[in-house]
Amino acid sequence: MATALCPGSFDPVTNGHLDIIERTSRHFSDVVVAVIRNPQKAQSLFSLHERQEMLVEVTSHLENVRIEFFKGLMVEFAREHGAEAIVKGLRAVSDFDYELQMAQMNQQLSGIDTFFISTTPQYSFLSSSLVREVARFGGDVSSMVPPMVAARLRERFRDAETADGAGG
Ligand code: PNS
């Protein structure tokens, strides 16, 4: 039994992410969830620390899971934490090209293998970016994210609206 790394932006964590983390925790003795800045995503809604905080709360029932955040190369983080495997969820064929390329790059850089878990079909349409967009315009995301995340989204967009209003 080995340590697995579940990396991602988690901006914010969705029920789809949680499903992958829970399933990974059944197959590995330890799971490190790494909140990592994706350099290809310029703007984030929540800070790395806020994303970590939400993940800590929604995974508190999983004893072998811990949450860290990191700025830099994922394989460096994996090495530092003694992770023998990277685990990622695949929602659809459209995820595959990018994920395969990253897996091969990470393998080349460090020798660490990536394992893919197929997303539970009920979550295959879910992404943090769509959740943010729906929440931004007041849509109901309560079936897509844990209740505390839905509350944090409401709070964040209410604050943004207030700030917009104040600016005229
Ligand atoms: O949830 P995401 O945005 O699909 O996760 C992508 C993430 C953060 C895992 C990826 O961008 C990443 O590993 N970033 C850290 C920098 C790095 O190691 N880049 C090389 C990737 S091959």
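For ligands, and for the atoms within them, numbers begin at 1 and follow the listed sequence. All figures in this text were calculated on a predicted structure; none of them were measured in a lab.
- The proximity of Lys41 to ligand 1, defined as any non-hydrogen pair under 4.0 Å, is limited to the side chain.
- Put simply, no part of Ala34 is less than 4.0 Å from ligand 1, judged by heavy atoms.
- In the vicinity of Arg37, heavy-atom distances shorter than 4.0 Å reach the ligand 1 atoms 14 (N), 15 (C).
- Heavy-atom proximity to Met105, at under 4.0 Å, picks out these atoms of ligand 1: 22 (S).
- The protein non-hydrogen atom at the shortest distance from atom 16 (C) of ligand 1 is Gly72 O, 3.3 Å.
- Not one N or O on the side chain of Ser44 forms a donor-acceptor pair closer than 3.5 Å with the backbone of Ser47.
- Annotation for His17 and Thr14: closest pair ND1-N, 3.0 Å, computed over non-hydrogen atoms.
- Under the 4.0 Å distance rule, the nearest protein heavy atom to atom 7 (C) of ligand 1 falls outside the cut-off.
- Residue Ala2 comes nearest to Phe28 through the heavy atom pair O-CB, 3.3 Å, listed as atom of the first residue, atom of the second, then distance.
- Atom 17 (C) of ligand 1 has its nearest heavy-atom neighbour, among Asp95, Leu5, Asp11, Leu73, in Leu73.
- To the nearest 0.5 Å, atoms CD1 (Ile112) and CG (Leu5) are separated by 7.5 Å.
- Note: the hydrophobic cluster containing Leu18 also contains Tyr123 (ILVMFWY, side chain heavy atoms under 4.5 Å, direct or indirect links).
- Only the side chain of Asn106 comes within 4.0 Å of ligand 1, counting heavy atoms alone; its backbone N, CA, C and O stay farther away.
- Among all protein heavy atoms, the one lying closest to atom 10 (C) of ligand 1 is Met102 SD, 4.0 Å.
- A donor-acceptor pair is defined here as one N or O able to donate and one able to accept, closer than 3.5 Å; no such pair exists between the side chain of Ser9 and the backbone of Arg37.
- One side chain, Asp19 or Thr120, offers a donor N or O that lies under 3.5 Å from an acceptor on the other.
- For ligand 1, the atoms closer than 4.0 angstrom to any heavy atom of Ile36 are 8 (C), 14 (N), 15 (C).
- Using a 4.0 Å cut-off to heavy atoms of Met74, the atoms of ligand 1 that qualify are 9 (C), 13 (O), 17 (C), 18 (O).
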* To do: List the steps and the verdict of salt bridge (charged side-chain N to carboxylate O under 4.0 Å, His left out) for Arg79 and Glu76.
  => CA-CA 5 Å; Arg79 254 194 223 120; Glu76 284 303 322; 2.8 Å; yes
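- Of all the atoms in ligand 1, the ones that sit under 4.0 Å from a non-hydrogen atom of Gly8 are 1 (O), 5 (O).
- Of the inter-residue distances, the one linking Glu68 atom CD with Phe77 atom CZ reads 5.0 Å to the nearest 0.5 angstrom.
- Looking at atom 3 (O) of ligand 1, its nearest protein heavy atom turns out to be Ser9 OG, 2.4 Å.
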